[in-house]
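All heavy atoms count here, side chains included; hydrogens, waters and symmetry mates do not. Quick caveat, the model's predicted, so the values are computed rather than measured. In what follows, chains carry the letters A, B, and so on, assigned in the order in which the sequence lines appear, proteins first and then strands, with residues in each chain numbered from 1.
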Amino acid sequence: MNPDGELSLVSPKELLARLGMRVRNTVERVSGVRYGVYGLAVLRIGYGLVLLGLLLTSYFDRRLLWGPESAWTTDLFKESLGQDGTFSLFAISDSGVWFEVLFHAFLLVVVVFILGWRTRWITPVLAVLVWSWHQRQPWVLDGGDNLMQLVLFYLVFADLSARWSLDARRKARRAAARATAESAEQGLTKQSQARGKLEAAATVDLPISDVPVGLPAFEGGLRWRLATILHNAALLATLLQVSIVYFNAGLLKVRGEMWQQGTALYYTLRTDEFAPFPWLSRLIWENDLAVNAGSYFAVFIQLAFPLLMLNRITRRLGLVAVTGMHVGIGVLMGLGSFSLIMIFSDLLFVRSGTYRRVGAFARAISNRRRNRLSLKAPTRLPRRVTKPTPPTAVKVPQQRT
Amino acid sequence: MVLMLKNPVRERSVEEDRDLGDSFKPLSSLRLRIVALGFVAVGLVLIWHFGMTFLYVAPWNPAYDKSASVVEGYMNPYFGQNWELFAPDPIDYNARVLVRAKVKDASGWERHTGWLDMTGPERKRALGSLFPGRVSRVVGGSRQLMTDADVPPSAASLPKQEETEGPETETVEEKPVDLVLQDQAVRHMRAIATLAARAEWGDGVTAVQVRISDHLFPRFEDKDRNGKGTKTYSDFDWWQPVAVSADAVRMWKEAYR
């Protein structure tokens with residue numbers, strides 16, 4: 001088919017050339033655009049907050065859980081490290097001082113990770129710290145901890161601080177300064193003018209979230225390209241990992257009689273181990289319909305998750321459904337950290353365009369409020385505050401993920 | 001247009017690709033080859049990794065069976081994972097872990113204490129909270145490990161087997177007993193029992209015994225008949241307390257007060 005939609009015979013040579021072009025474009029794109037940067041920013045902040053919560057809610061019990069006073073004794077800990085053929089920073093010394101230093105360094109790294117400062121170096125450090133921490137007391141963990149650990153390993157290769165981070169702010173400032181210096185030096189060529197405008201706009205006028213994604217013209221070097229491939233691969237790996245979690249959790253459930261009968265929720269909710277609000281759980285497990293519907297819903301949504309993610313509409317439905325499920329698990333079963341980790345992982349399936357729209361909406365609302373509060377507010381308030389128009393001189397790549 | 005392209009085919013396709021803005025600088029031929037090589041290499045790594053992951057987490061299947069050593073060798077320990085979240089069947093009983101002790105007083109007189117519920121304080125900590133802190137999982141986690149490791153209860157406490165008529169049922173050992181894991185499970189629970197006993201009865205504790213009691217609550221179809229379910233328990237051997245510091249005992253007391 002030629003572009004006009006007519007059928008025509010294409011010579012094999014031409015066909016090959018077109019195929020080559022397709023491949024070329026794919027390579028250009030996956031090495032030229034960093035996908036999912038908003039979702040990754042949300043994940044970075046979300047995981048960081050969950051870790052901070054886990055460390056702080058156990059802060060006064062830290063030594064009893066992970067320190068020299070742990071019931072998973074130093075001997076057991078080291079023995080099990082040897083069996084698994086792995087390491088833990090907590091094994092470097094048995095002293096309480098080392099433990100305290102490491103624990104507080106861990107807290108600090110988590111905070112820095114949330115803020116997105118030097119994230120390229122902080123992420124591997126955090127991944128190693130989380131691994132070390134999990135090894136110290138492996139019997140208080142759950143699936144959420146497991147998933148976060150795996151994802152942190154993958155995301156060592158991703159750019160987690162492209163948005164909503166100190167790194168992004170620093171980069172934008174530096175770019176703006178460079179552009180100003182350049183244009184002052186060389187006079188304003190059309191291109192540098194446009195580029196300066198874009199970068200200055202990114203820093204000064206526009207909130208960081210509006211810096212266009214990718215910026216391939218500015219950062220198109222070979223190293224940057226290869227890093228971009230790793231970034232996109234790490235993102236894909238995380239999405240695949242989350243899909244595997246759901247699909248397998250579902251697959252393993254359909255073999256169980258209680259899930260087949262749709263009564264599993266009754267047993268789950270009746271255990272006192274997972275009942276922070278027993279009266280609320282009771283309300284549900286006493287209702288046959290709720291038990292049945294809930295059990296089948298859980299199996300269905302878990303099995304179907306990967307397929308639901310493939311289509312724009314079902315993806316939205318699927319994400320709303322699993323988020324609902326996790327809120328239910330979190331509240332009814334008291335698995336707060338597990339649920340939050342799953343939700344933040346799922347949010348990676350939301351495209352950057354959606355995040356940008358949400359961001360613009362939030363800004364419009366806050367602008368409107370600011371205008372109302374400001375002393376210099378115009379006498380007549382604008383009916384609709386629109387998002388500042390991005391500079392049009394330079395076309396920016398459209399984000400797809 | 002920044003693009004300066006000789007090849008018309010190429011020009012058209014890049015333009016069609018609306019993902020790439022005007023400022024996009026395409027790769028030179030050599031760089032393209034290097035980047036493409038990287039792309040393929042990373043792709044192959046992903047395919048390998050998630051192939052292995054799938055075999056590792058899927059229910060037993062012949063493909064896993066054939067390559068078990070490769071899969072396990074690749075996945076463990078760093079990619080270890082388990083998604084049996086309440087599968088194949090959810091937990092259908094309430095488990096409690098209790099401890100009692102032999103305590104020697106100053107005069108050298110040894111007495112047996114009554115049973116102390118170690119699970120209760122954990123539950124109390126978790127009640128009404130979505131983020132109760134991991135100290136609410138210590139006893140429960142250790143109980144789970146004892147169950148997973150199939151630690152045999154003390155012979156004295158085993159309920160008497162009813163004499164069954166007819167052909168003897170063959171007991172099939174499904175999974176091999178992991179003696180190392182059993183040993184670790186016992187040592188972990190011993191440390192917990194020691195801490196709880198010392199926190200309750202002081203320094204005179206000379207031996208501890210743990211009981212795991214399971215309350216299997218009524219089946220779904222019986223839930224409206226106000227049934228009480230069935231309770232079973234198993235007692236483990238008397239264990240020597242492990243050496244724990246006074247600090248640890250104090251922390252335990254504070255955590256589960």
Side-chain angles (χ1 to χ4, degrees), chain A residues 17 21 25 27-33 53 57-58 61 63-65 69 71-73 76 84 86 139-140 143 146 150 216-217 220 222 225-226 229 233 236-237 240 244-245 248-249 251-253 255-258 263-264 266-268 270-273 276 330 334 336 394-398 400, chain B residues 9-10 13 17-26 31-32 35-36 38-39 42 46 50 53-54 57-59 77 81 83-92 94 123 126-131 133-135 137-138 140-142 145 184 187-188 191-192 195 217 220 245 247-248 251-252 255:
Chain A
M21 226 28 260
N25 275 338
V27 174
E28 289 276 19
R29 198 190 298 136
V30 296
S31 70
V33 179
T57 50
S58 292
D61 309 310
R63 290 177 69 109
L64 197 59
L65 281 162
E69 284 80 17
W72 188 246
T73 59
L76 281 166
D84 294 343
T86 184
W139 310 110
V140 295
N146 197 341
L150 293 164
L222 186 61
R225 291 281 197 155
L226 291 172
I229 288 186
L236 181 62
L240 287 171
I244 282 190
V245 170
N248 276 279
L251 197 61
L252 294 164
K253 281 187 181 72
R255 303 181 310 158
E257 209 177 304
M258 293 168 182
T263 59
Y266 162 75
Y267 300 99
T268 315
R270 203 167 168 175
T271 50
D272 60 8
E273 195 175 350
V394 176
K395 270 197 203 164
V396 295
Q398 296 272 309
R400 290 188 73 193
Chain B
V9 179
R10 179 176 169 181
S13 341
D17 199 339
R18 274 173 292 150
D19 271 1
L20 308 172
D22 259 4
S23 58
F24 190 79
K25 222 187 284 168
R31 288 185 159 197
L32 181 82
V35 170
F39 176 62
V42 167
L46 280 185
F50 285 102
T53 304
F54 195 85
V57 296
Q81 50 194 290
W83 309 117
E84 283 184 8
L85 313 161
F86 299 95
D89 281 315
I91 183 168
D92 56 354
N94 285 325
R123 295 280 181 278
L127 208 64
S129 167
L130 304 185
F131 306 96
R134 289 291 159 90
V135 86
R137 290 192 187 172
V138 173
S142 175
L145 179 58
Q184 289 178 343
R187 281 156 68 200
H188 187 29
I192 290 171
L195 284 167
F217 44 74
F220 178 77
S245 67
D247 274 349
M251 288 173 194
W252 185 276

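Of the atoms belonging to B:S245, it is side-chain heavy atoms, and not backbone ones, that fall under 4.5 Å from chain A. With a 4.5 angstrom heavy-atom cutoff, B:I91 touches chain A via backbone and side-chain atoms both. For a residue to count as touching a neighbouring chain, one of its non-hydrogen atoms must lie under 4.5 Å from one of that chain's; by this rule B:L127 touches chain A with backbone and side chain alike. Looking at B:I192, both its backbone and its side chain come within 4.5 Å of chain A, counting heavy atoms on both sides. With a 4.5 angstrom heavy-atom cutoff, A:V245 touches chain B via backbone and side-chain atoms both. Both the backbone and the side chain of A:L240 come within less than 4.5 Å of a heavy atom in chain B. Looking at B:A36, the atoms closer than 4.5 Å to chain A (heavy atoms on both sides) sit in the backbone and in the side chain alike. For A:T268, the parts lying under 4.5 angstrom from a heavy atom of chain B are both the backbone and the side chain. The contact between B:V57 and chain A is made by backbone and side chain atoms together, counting heavy-atom distances below 4.5 Å.
Counting heavy-atom pairs closer than 4.5 Å to chain B, the top residue among A:R63, A:E257, A:E69 is A:E69. For chain B, the option among A:L65, A:V140, A:T57, A:I229 with the highest count of heavy-atom pairs below 4.5 Å is A:V140. Contacts with chain B were tallied for A:P276, A:G143, A:A233; A:P276 has the most, counting heavy-atom pairs under 4.5 Å. In terms of heavy-atom pairs under 4.5 angstrom with chain A, the leader among B:A126, B:G128, B:A248 is B:G128. Among the candidates B:P90, B:A58, B:G133, B:G38, the residue making the largest number of heavy-atom pairs closer than 4.5 Å to chain A is B:P90. Of the listed residues B:V135, B:D247, B:V42, the one with more heavy-atom pairs under 4.5 angstrom with chain A than any other is B:V135. Heavy-atom pairs under 4.5 Å with chain B were tallied for A:L236, A:L150, A:D84; the largest tally goes to A:L150. Heavy-atom pairs under 4.5 Å with chain B peak, among A:T263, A:L76, A:L251, A:V27, at A:L76. When each of B:S129, B:S142, B:P77, B:G141 is scored by its heavy-atom pairs under 4.5 Å with chain A, the top score falls to B:P77.
Using a 4.5 Å heavy-atom cutoff, the side chains of A:S31 and A:L226 are not in contact. For the pair B:R123/A:E273, a side-chain contact is recorded, criterion being any heavy-atom separation below 4.5 Å from C-beta on. Contact check for B:F217 versus A:T271: side-chain heavy atoms found under the 4.5 Å cut-off. Taking 4.5 Å as the limit, every side-chain heavy atom of A:E28 sits out of range of all side-chain heavy atoms of B:V35.
Relative ring orientation between A:W72 and A:W139 is described as perpendicular, the plane-to-plane angle rising above 60° on a 0-90° scale split at 30° and 60°.
For the atom pair CG of B:L145 and CD of B:Q184, the computed distance is 8.0 Å after rounding to the nearest 0.5 Å. Annotation: the span from B:W83 atom CH2 to A:L252 atom CG amounts to 11.5 Å, rounded to 0.5 Å.
Scanning both residues, B:Q81 and A:N146, for their nearest heavy atoms gives CA-ND2, 3.3 Å. Between A:A71 and B:A191, the shortest heavy-atom contact is O-CB, 3.4 Å. A:M258 and B:D92 make their closest contact through CE-OD2, 3.4 Å (heavy atoms, listed as atom of the first residue, atom of the second, distance).
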Take B:L85 and A:K253 through the side-chain contact (heavy atoms from CB on, under 4.5 Å) test and state the conclusion after the steps.
-> CA-CA 8 Å; B:L85 313 161; A:K253 281 187 181 72; 4.3 Å; yes
